[in-house]
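Everything on this sheet refers to the single structure shown next.
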There are 2 protein chains.
Amino acid sequence: MAIIRKTKSVEALLTLFNKAENAMSVVELVKQLEDEMNKTTVYRILERLEESGHLHSFIGKDGLTWYAKCKDCDEAHHHDAHPHFQCLNCGKVECLSVDVSIPKIPNREVVVSHVLIQGKCESCVK
Amino acid sequence: MAIIRKTKSVEALLTLFNKAENAMSVVELVKQLEDEMNKTTVYRILERLEESGHLHSFIGKDGLTWYAKCKDCDEAHHHDAHPHFQCLNCGKVECLSVDVSIPKIPNREVVVSHVLIQGKCESCVK
DNA sequence: TTATATTTGCAACCTAGTTGCATTAATAAT
DNA sequence: ATTATTAATGCAACTAGGTTGCAAATATAA
C-alpha cells in the first residue's frame with residue numbers, strides 16, 4: 001500500500017519532516033501530533049511514506065523506531081546504506097552521509113545493512 | 001550489578017550459550033526456559049552476564065533483543081565492534097568475525113557502533 | 001550453623017506497536 | 001455537480017516485550 005491520497009494528516013507529517021534536520025522517533029511524532037491525529041494514523045502514514053520512498057526507518061539502540069527523510073533516494077532506488085548517529089548525551093539521531101563499506105561475507109548474500117553509531121554529537125562534544 | 005553467585009539458573013543460561021552456535025533472542029530464551037525459571041529471572045541474569053562480560057547484546061531489525069557469547073572479549077575489554085548477521089529466510093542471527101571499519105566522523109566522538117547485516121545465511125543461500 | 005546479602009518468583013504494571021470495524025474523506029465515474 | 005468507489009482515519013481493545021516492588025528462597029561468608 002503506497003501513498004495515494006494527500007490528506008491533511010499526510011501533509012502534516014511531510015511538513016514536519018521537511019522542517020526537521022534530524023531523524024525522529026515514532027514516540028516523539030505521536031506525542032507531537034496527538035492533537036492533530038490518532039496514534040494509529042501516525043503509524044500507518046509512516047508506513048506508507050516509507051513504502052513510497054519518502055522516508056526510511058531504522059531501529060535505535062533503545063529499540064524504538066526512528067524515521068528520517070530520504071535524501072538520496074527515490075521510488076526506484078533506495079540508498080539507505082548510510083549510517084545513523086545517535087548522541088548518547090542529548091539523544092538526537094541524525095543520518096550521516098558517510099559511506100560505510102560492508103565487507104563481502106563468504107557464502108552469504110547480503111541484502112541490507114544497518115549501521116548505528118553512538119557517541120557525542122557536534123553540539124555535545126564541545 | 002555483576003554476576004556474583006553461581007545459581008542453577010545462571011548455569012542453565014551459560015550452558016545454553018556454550019552449546020549455541022548462534023545468537024539467541026530473549027524471547028526465544030524465555031520460551032525455552034519457561035519450565036526452569038521465570039521470565040524476569042531470564043532478563044535479570046542476561047543483564048548480569050552482559051555486565052560481567054560473558055555476553056553481549058544487540059537489537060535485531062525486528063526490535064527484539066538478542067544475546068550472544070563474547071568470543072574475543074574479557075571483563076576488561078569489550079570488542080563488540082563485530083557485525084551481526086540476520087538471515088531473512090530462517091531468522092538465524094550470528095556474530096561475524098569480520099571487521100567493519102567505521103570512518104572517523106568530523107567533530108563527533110564515536111563511542112560504540114552497531115552493524116546489523118541482513119541477507120541469506122550459509123544454509124539458506126544454497 | 002547462623003547471619004547476611006543476593007537471587008528468584010510472582011503479580012502487576014508500562015508502553016510501543018497492531019488489529020478490526022465502523023465512519024469519514026478523497027478521488028474516479030457518470 | 002452528484003454519486004459511487006475506495007482509501008484513510010478514529011477509536012477501543014488488544015498483543016507482547018520488557019520492567020518493578022516485594023516477599024520468599026538460596027548461595028556465600030562468618
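In this text, all values refer to a predicted model and were calculated from it rather than measured experimentally. Lettering of chains follows the sequences in order, A, B, ..., and the numbering in each one begins at 1.
- Taking atom CD of A:Glu51 as the reference point, atom P of D:dA8 lies 11 Å away to the nearest angstrom.
- Phosphate contact (OP1/OP2 of D:dA8, side-chain N/O of A:Ser9, threshold under 4.0 Å): absent.
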Please list every donor-acceptor pair under 3.5 Å in which a side-chain atom of residues 8-23 of chain A meets a protein atom from a residue at least two apart or in another chain.
residue : atom : partner : partner atom : Å
A:Thr15 : OG1  : A:Glu11 : O            : 2.7
A:Asn18 : OD1  : A:Lys69 : NZ           : 3.1
A:Asn18 : ND2  : A:Leu14 : O            : 3.3

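- Every residue two or more places apart in sequence or in another chain was checked for a side chain to side chain donor-acceptor pair (under 3.5 Å) with A:Ser123, and none qualifies.
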Under 3.5 Å, sequence neighbours excluded: what are the donor-acceptor pairs made by side chains of residues 58-66 of chain B?
residue : atom : partner : partner atom : Å
B:Asp62 : OD1  : B:Leu64 : N            : 3.2

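- A continuous path of hydrophobic side-chain contacts links B:Leu33 to B:Val30 [ILVMFWY only; heavy atoms under 4.5 Å].
- The stretch residues 94-105 of chain B participates, sequence neighbours left out, in these salt bridge (charged side-chain N to carboxylate O under 4.0 Å, His left out) pairs: A:Arg108-B:Glu94.
- Listed by chain and residue number, nothing satisfies the side chain to side chain donor-acceptor pair (under 3.5 Å) test with A:Ser25 (two or more places apart in sequence, or in another chain).
- An angle of 30°, rounded to 10°, separates the two end axes of the helix from C:dT1-D:dA30 to C:dT30-D:dA1, each defined over five pairs.
- A search for side-chain contact (heavy atoms from CB on, under 4.5 Å) contacts involving B:Glu34 returns nothing, not counting sequence neighbours.
- Residues from residues 17-38 of chain A that place a heavy atom under 4.0 Å from any atom of DNA chain C, listed by number: A:Val26, A:Val27.
- Between A:Ile45 and B:Leu64, the residue whose closest nucleotide on DNA chain D is further toward the 5' end is A:Ile45.
- Taking the six-membered ring where the residue is Trp, the centroids of A:His82 and A:His56 are separated by under 6.0 Å.
- Whole-Å rounding puts the B:Tyr67 OH to D:dG18 C1' distance at 11 Å.
- Residues passing the side chain to side chain donor-acceptor pair (under 3.5 Å) test with B:Glu28, sequence neighbours excluded: none.
- When rounded to the nearest whole Å, the span between CG of B:Asp62 and C1' of C:dG17 equals 13 Å.
- Counting non-hydrogen atoms of other residues, nucleotides and ligands closer than 6.0 Å to NZ of A:Lys92 gives a total above 12.
- Put simply, the side chain of B:Lys39 and the base of C:dG9 share no donor and acceptor less than 3.5 Å apart.
- Note on B:Thr40: every side-chain N or O is 4.0 Å or more away from OP1 and OP2 of C:dG9.
- Evaluation of the side chain to side chain donor-acceptor pair (under 3.5 Å) rule for B:Asn89 yields no partner, not counting sequence neighbours.
- The CD atom of B:Glu47 sits 15 Å away from the P atom of C:dT6 (whole-angstrom rounding).
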Where protein sits on nucleotides 21-30 of chain C, one letter per nucleotide: B base, S sugar-phosphate only, - none, heavy atoms under 4.0 Å: ----BBS---
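- For A:Leu46 and C:dG17, the CG to C1' distance is 12 Å, given to the nearest whole Å.
- In this structure, B:Leu13 places its CG atom 13 Å from P of C:dT7, rounding to the nearest Å.
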